[in-house]
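Reviewing the structure listed below.
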Amino acid sequence: MLKKVMNCDTIRTAKAMLGMKLILSGENLGKIVETEAYLGTADSACHSSNGRRSPKNESMYLSAGHWYVYQIYGYQMLNLVTRPKNIAEAVLIRALESPSGDVVSNGPGKLTRFCGISQNLDGKLIEESDLKIIHGKIPKKICQRARIGVTCEDEWRNKPLCFYVKGNKHVSKVAKRELIEDSDTWK
């Protein structure tokens with residue numbers, strides 16, 4: 001499913017990634033429960049906004065299926081590039097449901113720290129790296145909201161480009177009253 005939507009639609013890719021398993025060197029790190037879409041040059045919250053290009057975001061300009069990992073506030077942020085070469089769009093992986101059920105990766109910085117993901121993955125093609133995404137579960141319901149931590153001051157600040165599995169306790173910044181058993185969030 002993921003390969004079918006990559007190269008054509010970053011929003012569909014962000015939704016399709018929900019429920020997929022993140023695998024590092026053969027170890028199941030967990031199921032993806034929250035993502036954010038970043039939509040290239042028009043999106044003022046995106047690192048490639050207005051065609052910005054630098055050594056820091058160069059991996060975002062690679063073709064779909066490459067990892068884009070950058071550091072902010074001492075944390076690594078894990079993104080998957082989603083479009084053809086030189087169309088810099090990506091999906092940020094924000095949270096995982098861990099196999100143990102412990103809430104340890106409910107935010108993008110916590111996720112990379114828990115998983116041991118570093119900038120060594122930046123620019124690597126998913127098929128050639130130790131970090132893979134494979135089929136997992138299908139969410140019962142996908143919700144959307146504004147992206148978290150976006151600092152732009154225009155209409156992109158509130159666009160609902162954060163996607164998450166409704167009721168899953170591993171999603172970041174979700175009201176406790178909305179939570180249900182993790183097993184009940186999947187089909």
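Heavy-atom basis, side chains included; hydrogens, waters and symmetry copies ignored.
Separating the CD1 atom in Ile138 from the OG1 atom in Thr185 is a distance of 12.5 Å, to the nearest 0.5 Å. Interatomic distance, Ile93 CD1 to Leu78 CG, rounded to the nearest 0.5 Å: 4.5 Å. To the nearest 0.5 Å, atom CG of residue Asp9 and atom CD of residue Glu89 are 8.5 Å apart. Summarising the geometry, atom SG belonging to Cys162 is positioned 11.0 Å from atom NZ belonging to Lys173; distances are rounded to the nearest 0.5 Å. Note that the NZ atom of Lys187 and the NZ atom of Lys141 stand 11.0 Å from one another [nearest 0.5 Å].
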Go through it in stages, so that I can follow the logic: the residues are Met20 and Leu22, the test is side chain to side chain contact (heavy atoms under 4.5 Å, CB included), and I'd like the CA-CA distance, side-chain angles, deciding distance and then a yes or no.
CA-CA 7 Å; Met20 292 192 165; Leu22 200 59; over 6 Å; no
Evaluation steps, side chain to side chain contact (heavy atoms under 4.5 Å, CB included), between Met77 and Gln71:
CA-CA 6 Å; Met77 300 289 126; Gln71 182 174 330; over 6 Å; no
Set out, in order, the CA-CA distance, both residues' side-chain angles and the distance that settles salt bridge (Lys or Arg N to Asp or Glu O under 4.0 Å) for Arg147 and Asp43, then state yes or no.
CA-CA 12 Å; Arg147 295 174 289 193; Asp43 181 350; 2.7 Å; yes
Is there a side chain to side chain contact (heavy atoms under 4.5 Å, CB included) between Tyr38 and Thr10? Walk through the geometry before answering.
CA-CA 8 Å; Tyr38 287 87; Thr10 300; over 6 Å; no
Go through Leu39 and Ile11 one step at a time and tell me if the side chain to side chain contact (heavy atoms under 4.5 Å, CB included) criterion holds.
CA-CA 8 Å; Leu39 304 178; Ile11 292 172; 4.1 Å; yes
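Between the side chain of Lys169 and the main chain of Asp182, no donor-acceptor pair closer than 3.5 Å is present. A donor-acceptor contact shorter than 3.5 Å is absent between the side chain of Thr13 and the backbone of Thr82. Proximity of a side-chain donor or acceptor of Asn57 to a complementary backbone N or O of Met60 within less than 3.5 Å is not detected. Under the 3.5 Å distance criterion, the side-chain polar atoms of Asn79 are matched with a main-chain donor or acceptor of Tyr68. Looking at Lys132, its side chain does come within 3.5 Å of a backbone N or O of Ile126 through a donor-acceptor pair. Side-chain N or O atoms of Asn50 include none that pairs as donor or acceptor with a backbone N or O of Arg52 at under 3.5 Å.
Residues Ala88 and Ser48 share a closest heavy-atom pair of O-OG, 2.8 Å. Here the shortest heavy-atom pairing between Met17 and Thr35 reads CB-CG2, 4.2 Å. Taking all atoms of both residues into account, the shortest heavy-atom contact from Ser44 to Ser49 is CA-OG, 3.4 Å.
For the side chain to side chain donor-acceptor pair (under 3.5 Å) condition, the pairs that include at least one residue of residues 156-166, sequence neighbours left out, are Glu153-Arg157. Applying the side chain to side chain donor-acceptor pair (under 3.5 Å) test to pairs two or more places apart or on separate chains, those with a residue in residues 91-104 are Lys31-Glu97, Glu34-Arg94, Arg94-Ser172, Glu97-Asn168, Glu97-Trp186, Ser98-Ser100, Ser100-Asp102.
Counting heavy atoms from C-beta on, the side chains of Lys124 and Asp122 never come closer than 4.5 Å. Here the side chains of Leu131 and Ile23 are not in contact, with every heavy-atom distance at 4.5 Å or above. With contacts defined as side-chain heavy-atom distances shorter than 4.5 Å, the pair Lys21/Ile133 does not qualify. You'll find the side chain of Leu161 stays beyond 4.5 Å of the side chain of Glu36, heavy atoms only. Side-chain atoms of Pro84 and Ser63, non-hydrogen and from C-beta on, never get closer than 4.5 Å to each other.
Dense packing is recorded around CD of Glu155, with more than 12 heavy atoms of other residues, nucleotides or ligands lying under 6.0 Å away. For Lys137, the NZ atom sits in a loose shell: 12 or fewer heavy atoms of surrounding residues, nucleotides or ligands are nearer than 6.0 Å.
Linking ILVMFWY residues whenever their side-chain heavy atoms come closer than 4.5 Å, directly or via other members, leaves Tyr61 and Trp67 in distinct clusters. No continuous path of hydrophobic side-chain contacts links Ile117 to Ile72 [ILVMFWY only; heavy atoms under 4.5 Å]. When hydrophobic clusters are built by joining Ile, Leu, Val, Met, Phe, Trp and Tyr residues whose side-chain heavy atoms come closer than 4.5 Å, directly or via intermediates, Phe163 is grouped together with Val165. A chain of hydrophobic side-chain contacts below 4.5 Å, direct or via other Ile, Leu, Val, Met, Phe, Trp or Tyr residues, connects Leu121 to Leu29. One hydrophobic cluster holds both Ile32 and Ile142 under the rule that ILVMFWY side chains link at heavy-atom gaps under 4.5 Å.
Two rings, from His47 and Tyr70, have their centers less than 6.0 Å apart.
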When the side chains of residues 103-116 are checked against the rest of the protein, which donor-acceptor pairs come out under 3.5 Å, sequence neighbours left out?
residue	atom	partner	partner atom	Å
Ser105	OG	Leu96	O	3.1
Asn106	OD1	Lys110	NZ	3.0
Thr112	OG1	Gln76	O	2.8
Thr112	OG1	Pro108	O	3.3
Thr112	OG1	Gly109	O	3.2

